[in-house]
Amino acid sequence: MMSWYFRAPASIQSAALSVYGYRLQKIRRGGEHAAILSDILQSQWWDEDRLAALQCSLVNDLLGSAKTVPFLQDRGISSYKIETISDIRHLPFTTKDDLRQSEEQITSRSNVKTKVVDLNTGGTTGTPLKIFADTAALRRNYAFFDRLRVWAGVQEGSTATFAGRTIVNPSQSKPPYWRYNRAAKTLLCSSYHLGPKSAPAYLDELSKFAPALIDSYPSAIEVLARAQLSYGKSLVRPKAIITSAETLHPEVREMITEAFQCPIFDYYGATEMAAFISQCEYGSYHVNPEFGVVEILDGDRPVDAGELGEVVATGFCNHRMPLIRYRTGDLASWHSDTCQCGRAFRVISKIEGRMDDIIVTPDGRHVGRLDPIFKSTLGLLETRITQDRLDHLLIEAVQTDEFTTSAREKLLSELQNRVGPEVTLDFVAVTEFERTSRGKFRSVVSLI
Ligand SMILES: [Zn+2]
């Protein structure tokens, strides 16, 4: 954000955001955006064969752009062409380390004069990755987000967004923690300032704004849901909630649904623009095949339905920085059934979260999904588990008076059961957690 921005009054900030928002709106939803959206609203009803043929030609288009990317040239990418979509397994992988090379190495050298934006992935560990994209890529990407809005029944209408960008000065300690972007009929809310204490102020503002859609990280909307439930009445009633970027656990989904009385459409997208996996009206997580190819692999072997593997994605949106068989580090498994919605898109049974969110025990086991046991404990508002050594877990928690000594003992013994006796557990009460720069909250952090 510009240097003067944080010193300006809230009304000026809103005006500036509206101007900025208007330009952003033109970038994201101008030009070919409408045509792409209209195309994919039709192709969503195509059969499997027709979609596979489309994917095959989109991979070959991408290979055309990949030929002009130096590091892919070095891997002999120009000699590849695929006949059927299953041939994709012969293409080389791209790792996160590959993307830490210079912009010149990882982006297409054709049309270098086109304006390119760089997007940070804001990782919490290691160097954040830079993703370079042009306007065409952003428009294509936004068409898929807008198709999800159609699935959610909120194509038109206002939106409240819990933004990753810092829109309110971090040192500000009283409301308003939000700004208006009139161009996009959007209320931008700071997720950085949201916590149990400030939640009522957010709810008041949201009830006035009455958004059709709330677009949020699960951990932000969870705080609001808890506050709304404690009021005992629904102040805020959106038509739908769209969540992304963090694992949405079933207990949390249930609580949010109860609080806001509306469906949640969760999606997996990520800044890398390599895959788009979104929930339909029936709740299934569908791979959007016109967005990219998703493989789930154990090493280089495709996993069977129900078996956990790494999401490896080839994205069609971004020809400026083609991602071919990109190893995302996220874990997921296939569902064997088709979905009642009638789309032939493949279904993923669950996205387990990041591989580095998994705790590895001294005996070599991988333990995931630890936070549900915390979520079900009364009196714990937020918790974070940090594995700093193979045999040590630090558990930090924001607690209320309802959190009794016996609840704590029960919790620790359950955790001990999962990770085994060799791991030492330390429990520390904290008053609040610092969010990462994008407002995300990670409940399991592995430092090993
Ligand atoms: Zn479906």
Side-chain angles (χ1 to χ4, degrees), residues 36-55 58 85 140-157 212-216 218 221 238-250 252-254 256-257 260-270 273-296 302-309 311-317 328 330-353:
I36 297 166
L37 179 59
S38 148
D39 282 353
I40 62 175
L41 284 172
Q42 286 175 23
S43 59
Q44 65 179 331
W45 304 114
W46 290 4
D47 64 22
E48 221 175 309
D49 291 346
R50 201 169 167 199
L51 287 168
L54 174 69
Q55 281 194 315
L58 291 171
I85 195 63
R140 200 168 171 85
N141 189 53
Y142 270 87
F144 285 86
F145 180 76
D146 286 339
R147 178 165 74 179
L148 178 59
R149 288 188 67 130
V150 174
W151 293 8
V154 288
Q155 188 178 11
E156 304 297 328
L213 170 69
I214 299 179
D215 176 14
S216 174
I221 192 80
K239 280 197 198 133
I241 293 169
I242 291 181
T243 56
S244 63
E246 294 168 341
T247 310
L248 178 63
H249 294 294
V252 177
R253 172 190 289 275
E254 213 172 285
I256 298 169
T257 310
F260 295 103
Q261 302 285 313
C262 74
I264 302 174
F265 294 78
D266 185 42
Y267 77 96
Y268 167 96
M273 284 191 257
F276 197 89
I277 301 169
S278 54
Q279 284 193 296
C280 72
E281 307 83 340
Y282 287 81
S284 305
Y285 281 91
H286 285 289
V287 171
N288 289 213
E290 315 96 317
F291 190 95
V293 180
V294 167
E295 301 168 83
I296 304 181
V303 297
D304 295 323
E307 193 189 344
L308 212 55
V311 175
V312 174
T314 302
F316 303 140
C317 281
T328 63
D330 291 328
L331 294 169
S333 59
W334 292 115
H335 200 288
S336 49
D337 298 341
T338 49
C339 179
Q340 293 179 59
C341 72
R343 295 179 187 92
F345 299 180
R346 282 197 81 175
V347 179
I348 280 189
S349 39
K350 58 184 171 201
I351 298 157
E352 195 75 28

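In what follows, residues are counted from 1 in the order of the sequence shown. Both backbone and side-chain heavy atoms feed into the values below; hydrogens, waters and symmetry mates do not. When a ligand or atom number is given, it counts from 1 through the structure's own listing order.
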If you apply the rule side chain to side chain donor-acceptor pair (under 3.5 Å), what do you find for Ser333 with Ser349, and how did you get there?
CA-CA 6 Å; Ser333 59; Ser349 39; 3.0 Å; yes
Regarding Glu290 and Arg147, does a basic nitrogen lie under 4.0 Å from an acidic carboxylate oxygen?
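A salt bridge links Glu290 with Arg147.
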With a 4.0 Å cut-off on N to O distance, would you call Lys239 and Glu156 a salt bridge?
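No.
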Where does the angle between the aromatic ring planes of Phe291 and Phe276 fall among parallel (under 30°), tilted (30 to 60°) and perpendicular (over 60°)?
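Tilted.
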Name the orientation class of the two ring planes belonging to Phe345 and Trp151 (parallel below 30°, tilted from 30 to 60°, perpendicular beyond 60°).
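Tilted.
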Protein N/O/S neighbour count - the Zn ion (ligand 1), strictly under 2.8 Å:
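That number is 4, waters not included.
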Would you check if there is a donor-acceptor pair between the side chains of Tyr285 and Asp266 at a distance under 3.5 Å?
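Present: a donor and an acceptor within the cut-off.
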